[in-house]
Amino acid sequence: MKKGIYFLVLLLFISTLVFTAFSIRSFGAPPNSDMDNYIIENGQEETGANNIISGVVYDYRGFDTLGEVTVLFTASIAFMVLIRRLND
Amino acid sequence: MIEMTKIVRTISSLVYPLTIIFGAFMIMHGHLTPGGGFQGGAIIASGIALVIVAYGSEASKDFFSSEKLAKYTGIGSMGFAVIGVIAIALGYAFLHNYLLGTQLFGYVPDGINQGFINSAGIEPPIEIMVGIAVSCGLGLIIYMFSQLGEVEE
Amino acid sequence: MIDIHYIAVILLLSIGFYGILFKRNLIKTIIGLSIIEYAVNLFLITLAYVDGGVAAIYTLAPHENMVFPVPHALVLTSIVIGLATTALMLGLAVNIYQKYDTLDTQFVRRLKE
């Protein structure tokens, strides 16, 4: 019974993905490119970095990266606490 | 985890400093070539994993300790925040690129070039801080996995 | 017509959801979650591609037709956070194994004791 419901859910999910994939745009032809074209054209003079991806990660989205480092710090400290409590 | 044979230990102690140097190169050239703080930090953490796998969990206590790794993870993420707060002290918004146009890391290249290490403003300092945080954070995770089930003093 | 890249994404997502829905072992559930994460990363990377584009790095680039940088930056963020959360999930799985002597989610029922 439970397995049948799970199978139905999985089938529904896969069919949704397949129907979406038919209407999605083809590979290598993006429809909306305003933001990315602006960043490619002006990113070098605005951030000074040759690596545009590095410019996006550390300059345009620097606050996001700060949160990411915080998540990494919290996860590693929590992992250390978990394993230490286990070893005692 | 027990230690491996003498061949593996010798080769890993030869390769370990080269791995650290390659990771540092990756971190320092993050604004010019593919790479950056996260990738270089992951490479340094793979060097830590190499030492732990080759020497075993008992002997790797002489190389690393969880307190030091956790401390440097905190120092890296705090350094990132401090670099951002300095911008507020100078009168800009948080994490503003205040080094752009100055003598230190201030060069702004134009178009396709061969790469200048003194460009990109506050990105290289941030990348160094992120590299410290990521290498020690991932190293802490790998080290604690190796200490699993063994009593740490 | 579906591109082969989207077929790969659909396959990976299906495998991951199968692992989450049908497997009772906690380690296999975590593997399923990781596979879903990598499928999403692959989907974002395929969205970023432009025909004939090179990586968005100006150092000695062949030409100035470049792929989109923002999805690459998002995936770079996602990979590191995924690594940290996977390690945290594995640590919790080890704790559950120590407490219950099993990884079967059917027998992990007592939330408090």
Side-chain angles (χ1 to χ4, degrees), chain A residues 6 13 17 20-21 24-88, chain B residues 29-38 41 66-67 69-70 73-74 76-78 80-81 83-84 94-97 99-101 105-116 119-124 126-127 129-130 133-134 136-141 143-145 147-152:
Chain A
Y6 283 172
F13 180 72
L17 287 178
T20 317
I24 209 165
R25 63 175 175 78
S26 62
F27 182 66
N32 285 323
S33 56
D34 297 343
M35 176 182 70
D36 293 275
N37 281 339
Y38 175 82
I39 288 177
I40 288 173
E41 277 165 22
N42 302 327
Q44 202 179 20
E45 57 179 301
E46 282 183 2
T47 69
N50 271 346
N51 190 345
I52 305 292
I53 298 156
S54 176
V56 172
V57 170
Y58 295 105
D59 200 312
Y60 286 115
R61 301 179 65 89
F63 199 66
D64 188 22
T65 310
L66 180 60
E68 180 189 356
V69 172
T70 311
V71 168
L72 184 75
F73 173 73
T74 315
S76 54
I77 297 294
F79 185 76
M80 186 183 81
V81 171
L82 275 176
I83 301 296
R84 270 197 170 175
R85 208 183 61 183
L86 218 63
N87 282 342
D88 287 341
Chain B
H29 290 251
H31 54 296
L32 300 177
T33 55
F38 294 107
S66 54
E67 280 88 4
L69 287 172
T73 312
S77 37
M78 272 306 291
F80 192 162
I83 288 172
F94 185 61
L95 278 171
H96 182 264
N97 202 338
L99 282 179
L100 211 61
F105 295 124
Y107 183 74
V108 179
D110 187 27
I112 294 170
N113 52 32
Q114 81 272 27
F116 301 96
S119 60
I122 62 169
E123 279 174 39
I126 286 179
E127 270 170 8
M129 289 303 168
V130 169
V134 171
C136 293
L138 296 186
L140 177 62
I141 288 171
Y143 176 74
M144 290 317 287
F145 259 124
Q147 300 295 320
L148 201 61
E150 296 173 29
V151 179
E152 196 188 13

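Computed from heavy atoms alone, side chains included, the values below leave out hydrogens, waters and symmetry copies.
Contacts of Thr47(A) with chain B are made by both backbone and side-chain atoms, with heavy-atom separations under 4.5 Å. Residue contact with chain A, scored on non-hydrogen atoms closer than 4.5 Å, involves the side chain of Phe94(B) exclusively. Residue Glu46(A) touches chain B through its backbone alone, counting heavy-atom pairs closer than 4.5 Å. For Leu138(B), the part lying near chain A is the side chain, with the backbone staying farther off; criterion is any non-hydrogen pair under 4.5 Å. Only the backbone of Pro34(B) comes within contact range of chain A, with heavy atoms under 4.5 Å apart.
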Discussion item. Asn50(A) vs Gln44(A), test: side-chain contact (heavy atoms from CB on, under 4.5 Å). Steps then yes/no.
Written reply: CA-CA 6 Å; Asn50(A) 271 346; Gln44(A) 202 179 20; 2.7 Å; yes
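Sparse packing is recorded around CZ of Phe63(A), with 12 or fewer heavy atoms of other residues, nucleotides or ligands lying under 6.0 Å away. Counting heavy atoms of neighbouring residues, nucleotides and ligands inside a 6.0 Å radius, atom OH of Tyr6(A) does not exceed 12 of them. Atom CG of Asp110(B) has 12 or fewer neighbouring heavy atoms from other residues, nucleotides or ligands inside a 6.0 Å radius.
The greatest number of non-hydrogen atom pairs below 4.5 Å with chain A, out of Ser119(B), Gly121(B), Pro109(B), is found for Pro109(B). By number of non-hydrogen pairs under 4.5 angstrom with chain A, the leading residue of Thr73(B), Leu95(B), Val134(B) is Thr73(B). Each of Ile126(B), Leu69(B), Leu100(B) has some count of heavy-atom pairs under 4.5 Å with chain A, and the biggest count is that of Leu100(B).
Looking at Gln147(B) and Ser66(B), their side chains never bring a donor and an acceptor atom within 3.5 Å of each other.
Looking at Leu72(A) and Phe38(B), their side chains never come closer than 4.5 Å, going by heavy atoms from C-beta outward.
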